[in-house]
Amino acid sequence: METCRLKNIAILILLLLNAVLLLLLGHQHLQARHSAREADGQLRALYAAGQLALDDSVDLRQQPLTPLALVRREETEQAIAACLLGGSAVSASQGGGIYSYAGDCGTIQFRAGGSFDGSRLTLAVDDITEFARQFCRQFGYENAVLQIKERSGTVTAVQQVQGVPVAGCGVTLRFDRGVLTAVSGAHVSLEDASPEAGGRMSCITALVRFLDHRAAAGIVCSEVTGVSCVYELQGGGTLRLLPKWQVETDTYTYFVDCATGEVSRH
């Protein structure tokens, strides 16, 4: 009888402890939401004081991206070259991190920083629109813009990584009377990518940095129409994708570096 009573007391104590923990977690959650709402209101008031409108659709609580260290993959480079040269491509090192890929329709060079280019290409294309769409779909480019007239012109697109645009990592295909004559751009691969520390500036902090920069640099704009976190390709010793806040205004688009807070216009 005594043992049963002790068990009931122990169970009651555990239930009370769990209830207290749940109350504490709920209180912390409510405090966090309250603090976030206060921060949102303070930022919008700061923008109003600076006579700069901040669109109501801007999500101030969106999370920053994680910096990624990348590994160069020659297999992907060769696949891109083969697609643009109409068949197999033979690789050769040119030194300094430059590889050339030669095929029947020309040569394309890839650099350690992810960029590539080729000129004097001779790949005949029956359907430019379908060719461009297949290339973009295969290698992760989105938002293709076709400026083609009488089978001549350009196709441009931007690479996306996990649904996120990569600034400075696009492609341009040039056609002349149905022949692919030149290509330039950049490409990254996520295979063996590893996250890095740092570069986790919040959306609100980035918008404060932009507001300060606008005042200091005399930027002419009256509204921030959109904000999103994107990647930017950085070459050098290690290939990286660095997160930046993309701030769209009614005049130009600006970028706020998540690590340094530096504001730039591309």
Side-chain angles (χ1 to χ4, degrees), residues 25-70 136 140-145 156-171 186 188 190 193 195-234 240-266:
L25 288 172
H27 179 65
Q28 290 175 351
H29 179 67
L30 289 174
Q31 278 190 322
R33 290 185 61 182
H34 178 69
S35 297
R37 283 196 297 268
E38 279 192 338
D40 292 358
Q42 290 172 358
L43 178 69
R44 292 189 181 276
L46 190 63
Y47 264 63
Q51 297 183 330
L52 179 61
L54 183 58
D55 194 282
D56 292 337
S57 65
V58 173
D59 180 9
L60 300 177
R61 303 182 198 181
Q62 56 186 303
Q63 297 300 306
L65 298 168
T66 300
L68 296 175
L70 307 177
C136 291
Y141 294 95
E142 299 285 347
N143 302 324
V145 176
T156 59
V158 177
Q159 189 182 359
Q160 292 195 0
V161 170
Q162 297 177 342
V164 177
V166 181
C169 201
V171 64
V188 295
L190 278 188
E196 292 188 329
R200 299 285 291 174
M201 179 181 292
S202 71
C203 179
I204 288 179
T205 301
L207 284 171
V208 171
R209 292 294 184 97
F210 173 72
L211 188 63
D212 291 342
H213 179 77
R214 170 180 176 261
I219 293 174
V220 178
C221 63
S222 60
E223 183 181 13
V224 171
T225 58
V227 180
S228 59
C229 201
V230 302
Y231 278 123
E232 183 173 65
L233 176 61
Q234 182 187 71
R240 289 183 173 90
L241 288 181
L242 301 181
K244 291 192 174 185
W245 287 103
Q246 180 176 283
V247 181
E248 300 174 19
T249 75
D250 55 345
T251 54
Y252 297 102
T253 298
Y254 297 86
F255 294 87
V256 182
D257 192 297
C258 284
T260 65
E262 180 183 358
V263 181
S264 60
R265 194 186 95 188
H266 290 197

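What's counted below: heavy atoms across the whole structure, side chains too, no hydrogens, waters or symmetry copies.
Of the possible donor and acceptor atoms, one in the side chain of Arg214 sits under 3.5 Å from a partner among the backbone N and O of Gly50. Between the Gln159 side chain and the Val188 main chain, a donor and an acceptor come within less than 3.5 Å of each other.
Under 3.5 Å, the side chains of Glu232 and Gln234 contain no donor-acceptor pair of N or O atoms. For the residue pair Ser222 / Asp250, a side-chain donor-acceptor distance below 3.5 Å is found, with atom types taken as modelled.
A distance of 8.0 Å separates CD in Glu142 from SG in Cys136, rounded to the nearest 0.5 Å. Considering CG of Leu60 and OG of Ser202, their distance stands at 9.5 Å, rounded to 0.5 Å. Leu70 CG to Leu233 CG: the interatomic distance, rounded to the nearest 0.5 Å, is 7.5 Å. Once rounded to the nearest 0.5 Å, the distance linking CE of Met201 with CD1 of Ile204 reads 12.5 Å. With rounding to the nearest 0.5 angstrom, the CG atom of Leu242 is 11.0 Å from the CG atom of Leu65.
With respect to the salt-bridge test (charged N to carboxylate O, under 4.0 angstrom), the residues Arg61 and Asp40 qualify.
For the side-chain hydrogen bond (donor to acceptor under 3.5 Å, both in side chains) test, no residue two or more places apart in sequence or in another chain qualifies with Gln62. For Asn143, there are no side-chain hydrogen bond (donor to acceptor under 3.5 Å, both in side chains) partners two or more places apart in sequence or in a different chain.
The neighbour count for Glu262 CD, taken as heavy atoms of other residues, nucleotides or ligands under 6.0 Å away, does not exceed 12.
For the pair Cys229/Pro243, a side-chain contact is recorded, criterion being any heavy-atom separation below 4.5 Å from C-beta on. Using a 4.5 Å heavy-atom cutoff, the side chains of Thr249 and Thr225 are not in contact. Side chains of Leu211 and Leu52 form a contact here, defined as non-hydrogen atoms less than 4.5 Å apart. Counting heavy atoms from C-beta on, the side chains of Tyr231 and Pro165 never come closer than 4.5 Å.
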Walk me through whether Glu223 and Asp55 qualify under side chain to side chain contact (heavy atoms under 4.5 Å, CB included). CA-CA 7 Å; Glu223 183 181 13; Asp55 194 282; 3.6 Å; yes
Residue pair Val230, Phe255: steps toward the side chain to side chain contact (heavy atoms under 4.5 Å, CB included) verdict: CA-CA 9 Å; Val230 302; Phe255 294 87; 3.8 Å; yes
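In terms of heavy-atom proximity, Arg44 sits nearest to Val58 at NH2-O, 3.4 Å.
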